[in-house]
Student: 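Quick one: the structure is below, and I'll ask about it shortly.
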Number of protein chains: 2
Amino acid sequence: MELSTIEIEKAATILKLLGDKTRLTMVKMLDTNDYCVCEFVEIFKVSQPAISQHVRKLKDAGLVCETRRGQWIIYSLNKENEVLPLVASLIDHLQNQDFKLQELEKQGLRISCK
Amino acid sequence: MELSTIEIEKAATILKLLGDKTRLTMVKMLDTNDYCVCEFVEIFKVSQPAISQHVRKLKDAGLVCETRRGQWIIYSLNKENEVLPLVASLIDHLQNQDFKLQELEKQGLRISCK
DNA sequence: TCAATATATAACTATTCACTTATATAATAA
DNA sequence: TTATTATATAAGTGAATAGTTATATATTGA
């Protein structure tokens, strides 16, 4: 089976984007669950605009999709993305981040968006 | 078989490092051949200090090794690196860069270091 | 020993980046 | 309609980054 390869330049752009702890964690988390901005704000302990700016970059690169649900905007991994194979194999090497969702639930902050 | 996973923070550091077109190309090229600084200078059309600074960063991260051979310092991929599995699977997704070596040879600049 | 070549380091600069606060937009609920 | 909540955008700031030129260090060969 042939592996479809990616241009160096495009790959470098993706890696730069994911070479940030916050965004990389977001993508790892989005691999198993969807999240809204306010949940990320709780998880990452930074300002809401900072989170908005991070997800914007992920969206601009086509890595995530957004869906409005009432006043919340839910972000999910974009499974259609051309570079998904690269991103997926990368994510596989990362330590599981489920504990972040568990913390969120323990604080009763997960349900706020459902 | 279990895949050994990497801390998010460590992975983000590696991805930031490889989120640069020049360094990413270097690593892809080093996957199949060794190179010295002067060859990289020819290939990337930037100053010699710029190349030295790039390989220094790769070396500091443990991704490459250096071996002095006369007046040349040969760089190679460090196969002992803890994050090699991540880097290797990443490299697999990149377009082949052999044409750069071929150009170098066509210009008669490859042998200068042998 | 001395000139030439290869590489590294220092110092500087312009640009990018991640964050902040302030404010705008949008949806919900009283 | 109006207050509240969620999100986005604008503007500003300090730190990091990739490049440059100048210079130092190290090896080779005459």
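None of the values given here were measured: they were computed from a predicted structure. All chains are named by letter (A, B, ...) in the order of the sequence lines, taking the proteins before the strands, and each is independently numbered beginning at 1.
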Student: Under 3.5 Å, sequence neighbours excluded: what are the donor-acceptor pairs made by side chains of residues 80-88 of chain B?
Tutor:
unit_1: B:Asn81; atom_1: OD1; unit_2: B:Val83; atom_2: N; d: 2.7
unit_1: B:Asn81; atom_1: ND2; unit_2: B:Ala61; atom_2: O; d: 3.4
unit_1: B:Asn81; atom_1: ND2; unit_2: B:Gly62; atom_2: O; d: 2.5
unit_1: B:Glu82; atom_1: OE1; unit_2: B:Lys10; atom_2: NZ; d: 3.1
unit_1: B:Glu82; atom_1: OE2; unit_2: B:Lys10; atom_2: NZ; d: 3.3

Student: When we call it a touch if two heavy atoms are under 4.0 Å apart, what does B:Phe40 touch: a base, just sugar-phosphate, or nothing?
Tutor: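 Nothing, no nucleic acid heavy atom in range.
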
Student: Could you tell me how far apart B:Ile51 (CD1) and D:dT21 (P) are, to the nearest whole angstrom?
Tutor: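 The answer, rounded to whole Å, is 14 Å.
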
Student: Using atom CD1 of A:Ile73 as one end and atom P of D:dT5 as the other, report the distance to the nearest whole Å.
Tutor: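 Those two atoms, CD1 and P, are 18 Å apart.
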
Student: If I take atom CZ in residue B:Arg110 and atom C1' in nucleotide C:dA6, what distance separates them, rounded to the nearest angstrom?
Tutor: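 To the nearest whole Å, that distance equals 16 Å.
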
Student: Could you tell me whether the side chain of B:Arg23 and the main chain of B:Thr25 form a donor-acceptor pair under 3.5 Å?
Tutor: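 No; judged by distance alone, with no hydrogens or angles, the pair does not exist.
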
Student: Would a distance-only check, ignoring hydrogens and angles, find a side-chain to backbone donor-acceptor pair under 3.5 Å from A:Glu39 to A:Cys36?
Tutor: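 Flag set: sc A:Glu39 to bb A:Cys36 pair under 3.5 Å.
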
Student: Rounded off to whole Å, could you give me the CG-to-P distance for the B:Leu58 and D:dA18 pair?
Tutor: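 After rounding, the reported distance stands at 11 Å.
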
Student: When the distance from CZ of B:Arg56 to P of D:dG19 is rounded to whole Å, what number comes out?
Tutor: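 Rounded to the whole Å, the gap is 17 Å.
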
Student: Just by distance, do the side chain of B:Lys28 and the backbone of B:Ile91 share a donor-acceptor pair under 3.5 Å?
Tutor: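 Yes, because the side chain of B:Lys28 sits within donor-acceptor range (under 3.5 Å) of the backbone of B:Ile91.
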
Student: Starting from C1' on D:dT27, measure out to CD on B:Glu66 and report it in whole angstrom.
Tutor: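 Checked: the CD to C1' distance equals 15 Å.
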
Student: Using modelled atom types and a 3.5 Å cut-off, is there a donor and acceptor pairing between side-chain atoms of A:Arg56 and backbone atoms of A:Leu58?
Tutor: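 Flag not set: sc A:Arg56 to bb A:Leu58 has no pair under 3.5 Å.
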
Student: Ignoring hydrogens and angles, write down the donor-acceptor pairs under 3.5 Å from the side chains of residues 95-102 of chain A, residues two or more places apart or on other chains.
Tutor:
unit_1: A:Asn96; atom_1: OD1; unit_2: A:Asp98; atom_2: N; d: 2.6
unit_1: A:Asn96; atom_1: ND2; unit_2: A:Asp98; atom_2: OD2; d: 3.3
unit_1: A:Gln97; atom_1: NE2; unit_2: A:Gln95; atom_2: O; d: 3.0

Student: When every nucleotide of nucleotides 17-26 of chain C is labelled 5' to 3' by its protein contacts under 4.0 Å (heavy atoms), B for base, S for sugar-phosphate only, - for none, what sequence of letters results?
Tutor: SSBBBB----

